[in-house]
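See structure below.
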Amino acid sequence: QVQVVESGGGLVQPGGSLRLSCTASGFSLDRYVIGWFRRAPGKEREWVSCISSSAQNTYYADSVEGRFTISRDHAKNTVNLQMNNLEPEDTAVYYCATAPSPRPLWLRSSCPRVSEQYDDWGQGTQVTVSS
């Protein structure tokens, strides 16, 4: 089982920034699709962003497009989610998840947006945006 750990959550004011990190130990994240999801109290789990494996393409939910950036730090075996201009609606527990690189080469430029396609999840990190 792949084990990943999220970090970087906290309390920030509206308009502030946080950087979340998804880190793995003992194996490389380079071969995996990495997705970020979030769950706010009383709401369904929501897909936020993902980064593909070999093609390193990035994708974002409409609600965070232009404010969030997902990237890989290969030296640290980490995937980061830089969150800028945070809004109270961003308050949620954020989860990192991994999915295997698709076998067909033509699928490797994309990444899934449904949680069922991800196999392993971190424990989550709380992000609270409040004045």
Side-chain angles (χ1 to χ4, degrees):
Q1 183 178 353
V2 177
Q3 297 291 332
V4 291
V5 177
E6 304 95 337
S7 63
L11 173 64
V12 296
Q13 295 182 351
S17 298
L18 285 174
R19 186 181 67 182
L20 306 183
S21 296
C22 176
T23 301
S25 298
F27 67 96
S28 176
L29 288 178
D30 291 348
R31 297 182 179 181
Y32 291 87
V33 173
I34 305 298
W36 284 97
F37 295 79
R38 66 187 182 186
R39 184 187 292 275
K43 295 185 177 181
E44 297 281 338
R45 182 168 52 193
E46 176 188 22
W47 173 79
V48 175
S49 180
C50 61
I51 185 167
S52 64
S53 53
S54 60
Q56 301 298 300
N57 293 333
T58 58
Y59 304 87
Y60 302 93
D62 291 342
S63 58
V64 306
E65 179 73 49
R67 300 187 297 117
F68 291 12
T69 302
I70 189 171
S71 62
R72 294 183 185 269
D73 186 336
H74 298 280
K76 297 182 178 180
N77 197 27
T78 295
V79 172
N80 296 316
L81 184 69
Q82 178 68 43
M83 306 185 297
N84 297 327
N85 195 24
L86 285 162
E87 305 169 352
E89 292 76 16
D90 297 316
T91 296
V93 177
Y94 284 71
Y95 299 90
C96 171
T98 67
S101 180
R103 293 179 62 186
L105 293 177
W106 62 274
L107 288 176
R108 295 183 181 180
S109 62
S110 62
C111 51
R113 303 184 179 191
V114 294
S115 59
E116 289 79 6
Q117 296 297 311
Y118 292 85
D119 297 324
D120 298 284
W121 297 72
Q123 83 290 343
T125 185
Q126 177 71 49
V127 172
T128 303
V129 185
S130 176
S131 60

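Given the structure is predicted, the values throughout are model-derived calculations rather than measurements. No hydrogens, no waters, no symmetry mates; every other heavy atom, side chains included, goes into these values.
- In terms of the ring pair (Phe, Tyr, Trp, His ring centres under 6.0 Å) criterion, Tyr95 has no residue partners (sequence neighbours excluded).
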### Query
Checking side-chain contact (heavy atoms from CB on, under 4.5 Å) for the pair Arg38/Val64: CA distance, chi angles, key distance, verdict?
CA-CA 12 Å; Arg38 66 187 182 186; Val64 306; 4.0 Å; yes
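- A donor-acceptor contact shorter than 3.5 Å is absent between the side chain of Asp73 and the backbone of Thr78.
- Of all the heavy atoms in Leu29 and Arg72, the pair that sits closest is O-NH1, 2.9 Å.
- When hydrophobic residues (I, L, V, M, F, W, Y) are linked wherever their side-chain heavy atoms come within less than 4.5 Å, Leu105 remains an isolated member.
- In this structure, the side chain to side chain contact (heavy atoms under 4.5 Å, CB included) partners of Ser71, at least two apart in sequence or on a different chain, are Asn80.
- Of all non-hydrogen atoms in Pro100 and Asp119, the two that sit nearest each other are CD-OD2, 3.0 Å.
- Pairs of residues two or more places apart, or lying in two chains, that qualify as disulfide (SG to SG under 2.5 Å) and include a residue from residues 7-44 are Cys22-Cys96.
- In this structure, the side chain to side chain contact (heavy atoms under 4.5 Å, CB included) partners of Ala99, at least two apart in sequence or on a different chain, are Val33, Tyr118.
- At least one side-chain heavy atom of Glu46 sits under 4.5 Å from a side-chain heavy atom of Ser63.
- For Tyr94, there are no ring pair (Phe, Tyr, Trp, His ring centres under 6.0 Å) partners, not counting sequence neighbours.
- Sorted by first then second residue, the disulfide (SG to SG under 2.5 Å) pairs that include residues 29-60, not counting sequence neighbours, are Cys50-Cys111.
- By the neighbour-count criterion of 12 heavy atoms within 6.0 Å, atom CZ of Arg45 is densely surrounded, having more than that number from other residues, nucleotides or ligands.
- With a 6.0 Å cutoff to the six-membered ring centre and a 45° limit on the axis angle, Arg39 does not count as a cation-pi contact of Trp121.
- Contacts of Glu87 classified as salt bridge (charged side-chain N to carboxylate O under 4.0 Å, His left out), with partners at least two apart in sequence or in another chain: Arg67.
- Interatomic distance, Tyr59 OH to Glu65 CD, rounded to the nearest 0.5 Å: 12.0 Å.
- Nearest heavy-atom pair, Ser49 versus Leu81, reported as atom, atom and distance to 0.1 Å: CB-CD1, 4.2 Å.
- Remark: Ile70 CD1 to Gln82 CD distance equals 12.0 Å, nearest 0.5 Å.
- For Arg31, there are no side chain to side chain contact (heavy atoms under 4.5 Å, CB included) partners, not counting sequence neighbours.
- Heavy atoms only, all atoms of each residue included: Val93 and Gly124 are closest at CG1-CA, 3.8 Å.
- Rounded to the nearest 0.5 angstrom, Trp47 CH2 and Gln117 CD are separated by 13.5 Å.
- Taking every heavy atom of both residues into account, Arg108 and Pro102 meet most closely at NE-O, 2.6 Å.
- Between Gln56 and Ile51 the shortest side-chain heavy-atom distance falls below 4.5 Å.
- For the pair Asn77/Ser28, a side-chain contact is recorded, criterion being any heavy-atom separation below 4.5 Å from C-beta on.
- For the pair Glu6/Leu20, no side-chain contact is recorded, criterion being any heavy-atom separation below 4.5 Å from C-beta on.
- Scanning for side-chain hydrogen bond (donor to acceptor under 3.5 Å, both in side chains) contacts around Ser17 gives Asn84, with sequence neighbours left out.
- Within the hydrophobic cluster formed by Ile, Leu, Val, Met, Phe, Trp and Tyr side chains joined at under 4.5 Å, directly or through other members, Val5 stands alone, with no partner residue.
- For Val129, the side chain to side chain contact (heavy atoms under 4.5 Å, CB included) test picks out Val12, Pro14, Leu86, Pro88, Asp90, Thr91, Val127, with sequence neighbours left out.
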